[in-house]
Number of protein chains: 2
Amino acid sequence: MARIKADNDLSRKEIITQAAAALFQEKGFKAASMRDLADKVGVEAASLYNHIKSKAELLHNICVNVANNFWNHIHAVENHQGNAIEKIEMLLRFHIREMVNNYQEVYVSDREWKHLTEPYLSNFHTQRREYRKKIAALIEAGIKSGEIRPIDAPTAVLIMLHAVSGIDSWHRSKQKISAEALEENMVTIMINGLRK
Amino acid sequence: MARIKADNDLSRKEIITQAAAALFQEKGFKAASMRDLADKVGVEAASLYNHIKSKAELLHNICVNVANNFWNHIHAVENHQGNAIEKIEMLLRFHIREMVNNYQEVYVSDREWKHLTEPYLSNFHTQRREYRKKIAALIEAGIKSGEIRPIDAPTAVLIMLHAVSGIDSWHRSKQKISAEALEENMVTIMINGLRK
DNA sequence: CCTACCGATCGGTAGG
DNA sequence: CCTACCGATCGGTAGG
């Protein structure tokens, strides 16, 4: 009995979090009200608080989930057997697929994280900086091995990550090319831009 | 006398608009309050309304200024003598420089325009779409002439524009490379990514 | 999960 | 340019 109740609570909370991700993506965190969210879920605003603690908690959960997802993946990339270009392509394809399939959460985590409250804001910021350093290290390795042009690695990271975040425009576009074609086009442009 | 007063009003309004651009960039449009803005300018909130009509007008002015700036430039690019790669490089360098030198306004126009009110929202959206079509046409021309890889032009546009918007991270970074080095690195990666 | 309601803050106005 | 203030809306709570 207790377990079934706990399961129901969990999935209810997940439904609310998913709806919050969609809402924060559409309107932005500050412009999205808890009344908007309640409408989306189909309850009164006050009822949300039986499942969540606060609006801030919703943003926090979204950002932490996304951050951990990318954080886990880059360790797999680092341990992957292969040259630098292969590793970077692996990372790039993961980013593209996450942006395609898990659009709203990834978008919110990327664009709305500055509305996190302390200490989560500082934690997120630090992890983000570490994550980018890891990508820069992959690029540096590729420059040393002669696979990649002698460019500024942090600048290359910034181009890569932001290019991928442009997929939000793809989601909204009228005549979408397929997700596969999008991925191949992005990889072609970015990898050839880096490759010597 | 009347002229001096008019001049003072204009520059006062410009001071407020500049401060608003900085504030909207830092906090986001919705999270930035008119009391915040008044503090930044050094007056009481009510006094702002002797110079501006509304908070919405401030965002509108910022977005229209930026949009017109880019709109005028792309006509110069289209009329420029040269091959497709040269035109695209010219456009890319202009975007990079605007993002470096006119950071706050460009950033706000890029990230906060969805908070515009009608009919400005629709106008902005339409102009933005037309602008991107013009860039896609430049890329298509380069593909036809054999200068550029056979890629999906709208995807290439989206990568280019978003890569440039990543310069906001450069502004905040601790050990900044020079603006010139940033520009050369970006141009190298993007142009070689496109070039056949 | 709802009704009823709270204190805080918002954009903006009146009047001087 | 300021003091004083407004109606609306916000995130969230009490109590059932």
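Every chain is numbered from 1, with letters handed out A, B, ... down the list of sequences.
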Whole angstrom is fine here: how far is it from CG in A/Asn50 over to P in D/dG11?
-> 17 Å
Results of ring-ring contact (aromatic ring centres under 6.0 Å, His included) for A/His80 - residues two or more places apart only | none
Distance-only donor-acceptor pairs under 3.5 Å for side chains of residues 132-144 of chain A, two or more places apart:
from	atom 1	to	atom 2	distance (Å)
A/Arg132	NH1	B/Ser169	OG	3.2
A/Lys134	NZ	A/Glu78	OE2	3.4

Tell me whether B/Leu161 is reachable from A/Leu182 by hopping between hydrophobic residues (I, L, V, M, F, W, Y) whose side-chain heavy atoms are closer than 4.5 Å.
-> yes
Can you sort out which residues in residues 54-63 of chain A have a heavy atom within less than 4.0 Å of DNA chain D? Ascending by number, please.
-> A/Ser54, A/Lys55
Whole Å only: how far is the NE2 atom of B/His51 from the P atom of C/dT13?
-> 15 Å
Can you list the residues that meet the ring-ring contact (aromatic ring centres under 6.0 Å, His included) rule with B/Phe24, with sequence neighbours excluded?
-> B/Phe29
Write out all pairs satisfying salt bridge (charged side-chain N to carboxylate O under 4.0 Å, His left out) with one or both partners inside residues 47-58 of chain B, taking only residues at least two apart or from two chains.
-> B/Lys13-B/Glu57
Does B/Val64 sit in a hydrophobic cluster with other residues, and if so which ones, taking ILVMFWY side chains as linked at heavy-atom separations under 4.5 Å, directly or through other members?
-> none
Hunt down any stem DNA chain D takes part in, defined as 3 or more consecutive Watson-Crick or G-U pairs whose two distances are each under 3.5 Å.
-> C:1-16 with D:1-16
With sequence neighbours excluded, tell me which residues meet side-chain hydrogen bond (donor to acceptor under 3.5 Å, both in side chains) with B/Gln18.
-> B/Glu105
Of all pairs that satisfy ring-ring contact (aromatic ring centres under 6.0 Å, His included), the ones with a partner from residues 117-143 of chain B, not counting sequence neighbours | B/His60-B/Tyr120, B/His95-B/Tyr131, B/Trp113-B/Phe124, B/Trp113-B/His125
Here the ring-ring contact (aromatic ring centres under 6.0 Å, His included) pairs for residues 148-182 of chain B, sequence neighbours left out, are B/Tyr103-B/His171
Go through residues 33-47 of chain A and report each residue with a non-hydrogen atom lying under 4.0 Å from DNA chain C, sorted by number.
-> A/Val43, A/Glu44, A/Ala46, A/Ser47
Minimum-distance nucleotide to A/Arg12 side chain [options: D/dG11, D/dC1, C/dC1] | C/dC1
Contact class for B/Ala32 (heavy atom, under 4.0 Å): base, sugar-phosphate, or nothing?
-> sugar-phosphate
Side-chain donor-acceptor contacts of residues 189-196 of chain A below 3.5 Å, not counting sequence neighbours, with atom names and distances?
from	atom 1	to	atom 2	distance (Å)
A/Asn192	ND2	A/Thr188	O	2.9

Roughly how many Å is it from OH in B/Tyr49 to C1' in D/dA4, rounded to a whole number?
-> 16 Å
